[in-house]
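No hydrogens, no waters, no symmetry mates; every other heavy atom, side chains included, goes into these values. To find a chain, count down the sequence lines: A is the first, B the second, and so on, and within it residues start at 1.
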2 protein chains.
Amino acid sequence: MTAAGDGGTADDTVAGVVRQWRMIRPDLDTAPMEVIGRINRCAALLQHAEDAPLRRAELTRPEFDLLGTLRRTGHELTPGELARETFSSGAAVTKRLKLLVERGWVDRRSDTRDRRVTRVRLTASGRELIDSVMPDQLRYETAVLSGLPDGDQRQVAALLAELLVQLEGRLGLPRA
Amino acid sequence: MTAAGDGGTADDTVAGVVRQWRMIRPDLDTAPMEVIGRINRCAALLQHAEDAPLRRAELTRPEFDLLGTLRRTGHELTPGELARETFSSGAAVTKRLKLLVERGWVDRRSDTRDRRVTRVRLTASGRELIDSVMPDQLRYETAVLSGLPDGDQRQVAALLAELLVQLEGRLGLPRA
DNA sequence: TACAAGTGTTTTACCTGGAAAACAAAACTT
DNA sequence: AAGTTTTGTTTTCCAGGTAAAACACTTGTA
């Protein structure tokens with residue numbers, strides 16, 4: 001970790017917060033805060049950072065995720081399946097689908113065998129859109145992460161995968 | 001990394017998503033997704049996971065963060081300062097402060113030297129509350145993270161700190 | 001077979017946060 | 001000193017998400 005020296009001299013905001021707590025309440029174990037605080041802070045910043053290519057395509061992140069899910073699974077999905085795949089509520093998915101249908105990127109029809117069910121798929125233009133935006137978004141994300149060396153990226157990915165396995169197991173949520 | 005073997009056999013959801021993209025679009029570099037997707041997923045799960053002790057105290061996470069900020073800085077802050085410290089908008093801070101004031105945890109008064117400015121501080125009961133909830137919340141977070149060995153936690157914290165330094169530098173946001 | 005329980009999607013009601021507007025006060029410029 | 005620009009907070013308006021309700025359909029049970 002050649003960048004460790006730099007990290008030591010330029011603190012992130014969580015380091016500052018932790019320092020304050022150590023002074024105010026030296027009895028507290030701040031270790032969880034150092035992980036969770038940073039995950040949350042990174043997520044918040046990345047949430048803002050990933051607006052640019054999606055904004056160009058006039059997509060919100062959740063809409064992008066829906067289109068991406070239909071693309072990567074490669075077949076029709078029901079709103080319930082989409083909700084589970086994207087960890088959203090059914091109501092949110094319904095609303096988003098309405099917009100995506102209006103824009104012609106997605107269409108939906110009733111299931112012939114079960115009248116309660118709606119089947120959702122990408123239109124041709126929806127598929128074109130996601131196939132075009134996906135590489136742009138990944139390139140953008142590559143650039144956003146470029147300050148972290150490749151080895152470190154692989155390492156943080158592996159550690160977070162491990163944490164995710166625990167969190168997904170612990171919290172009883174489905175895994176792939 | 002003694003847990004690496006387990007991580008290899010039980011995949012997190014992001015691993016599944018990445019696998020699908022590799023099949024559908026083998027031309028794409030999925031590396032950013034493996035970092036960013038996992039950060040976002042961990043953050044979402046932790047967002048839900050950290051409800052329990054705060055819910056007992058009838059606090060939302062943003063309210064908890066406001067109280068914590070007043071506690072750790074140890075002095076009065078203005079709404080603008082609170083907004084910057086908690087990375088929120090002024091409007092959101094105003095709304096939250098209104099609630100916290102109503103509950104008697106926070107009080108605010110005008111600045112004598114600048115009539116535009118409001119000064120905000122913890123009440124005695126507000127201080128008691130945060131001093132009581134903070135250890136509970138940290139204990140809870142320790143338990144949530146307990147599936148990841150201590151060394152791995154320290155490592156992921158360090159790597160995320162590095163990433164945060166980059167993101168905060170790149171995106172021009174203030175650092176401590 | 002009739003009724004009860006369960007399921008899938010959509011609708012409804014409500015809440016929260018952000019952006020912009022509003023307003024007042026302070027700082028700056030001429 | 002008067003007018004303009006900037007600043008700090010609050011208010012207003014709107015969008016999006018959630019939980020619950022509504023509704024229709026399917027499955028299970030007696």
Start with the C-alpha distance between A:Q166 and A:E162, add both sets of side-chain angles, then the distance that settles side-chain hydrogen bond (donor to acceptor under 3.5 Å, both in side chains), and finish with yes or no. CA-CA 6 Å; A:Q166 298 302 325; A:E162 209 177 316; over 6 Å; no
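Relative to the side chain of A:R116, the nucleotides C:dA26, C:dT7, D:dT10 differ in distance, and C:dT7 lies closest. Set against C:dT9, C:dA25, D:dG8, the side chain of B:R115 has C:dA25 as its closest nucleotide.
Among residues two or more places apart in sequence or in another chain, the salt bridge (Lys or Arg N to Asp or Glu O under 4.0 Å) test is passed with B:R116 by B:D114. With sequence neighbours excluded, the residues satisfying salt bridge (Lys or Arg N to Asp or Glu O under 4.0 Å) with B:E34 are B:R22. By the salt bridge (Lys or Arg N to Asp or Glu O under 4.0 Å) test, B:D131 pairs with A:R25, B:R71, B:R127, sequence neighbours left out. Not counting sequence neighbours, the partners of A:T69 by the side chain to side chain contact (heavy atoms under 4.5 Å, CB included) test are A:R72, A:T73, A:L77, A:L82, A:E85, A:T86. For B:K98, the side chain to side chain contact (heavy atoms under 4.5 Å, CB included) test picks out B:E102, B:R108, with sequence neighbours left out.
Taking atom CG on B:L59 and atom P on C:dT16, their separation rounds to 13 Å, with Å as the unit. With rounding to whole Å, A:D114 atom CG is found 10 Å from D:dT27 atom C1'. In this structure, B:E76 atom CD and D:dG8 atom C1' are separated by 16 Å, rounded to whole Å. If you measure from atom CZ of A:R119 to atom C1' of C:dG8, you get 13 Å, rounded to the nearest angstrom. Taking atom CZ of residue A:R61 and atom P of nucleotide C:dG18, one finds them 19 Å apart after rounding to whole Å. The distance between atom CZ of A:R113 and atom C1' of D:dT27, rounded to the nearest whole Å, is 16 Å. The separation between B:L97 atom CG and D:dT9 atom P is 10 Å, rounded to whole Å. Residue A:K98 contributes atom NZ, which lies 14 Å from atom C1' of C:dT12 at whole-angstrom precision.
For the pair A:T78 and C:dT9, the criterion of a side-chain N or O lying under 4.0 Å from OP1 or OP2 is met.
Residue B:T118 is in sugar-phosphate contact alone, with no base atom involved, counting any heavy-atom pair closer than 4.0 Å across all strands shown. Using a 4.0 Å heavy-atom cutoff across all strands shown, B:G90 reaches at least one base atom of the nucleic acid.
When atom types are taken as modelled, the side chain of B:Q153 and the backbone of A:A31 share no donor-acceptor pair closer than 3.5 angstrom.
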Assign a letter to each nucleotide of nucleotides 12-19 of chain D from its 5' end: B, base within under 4.0 Å of a protein heavy atom; S, sugar-phosphate only; -, no contact. BB---BBB
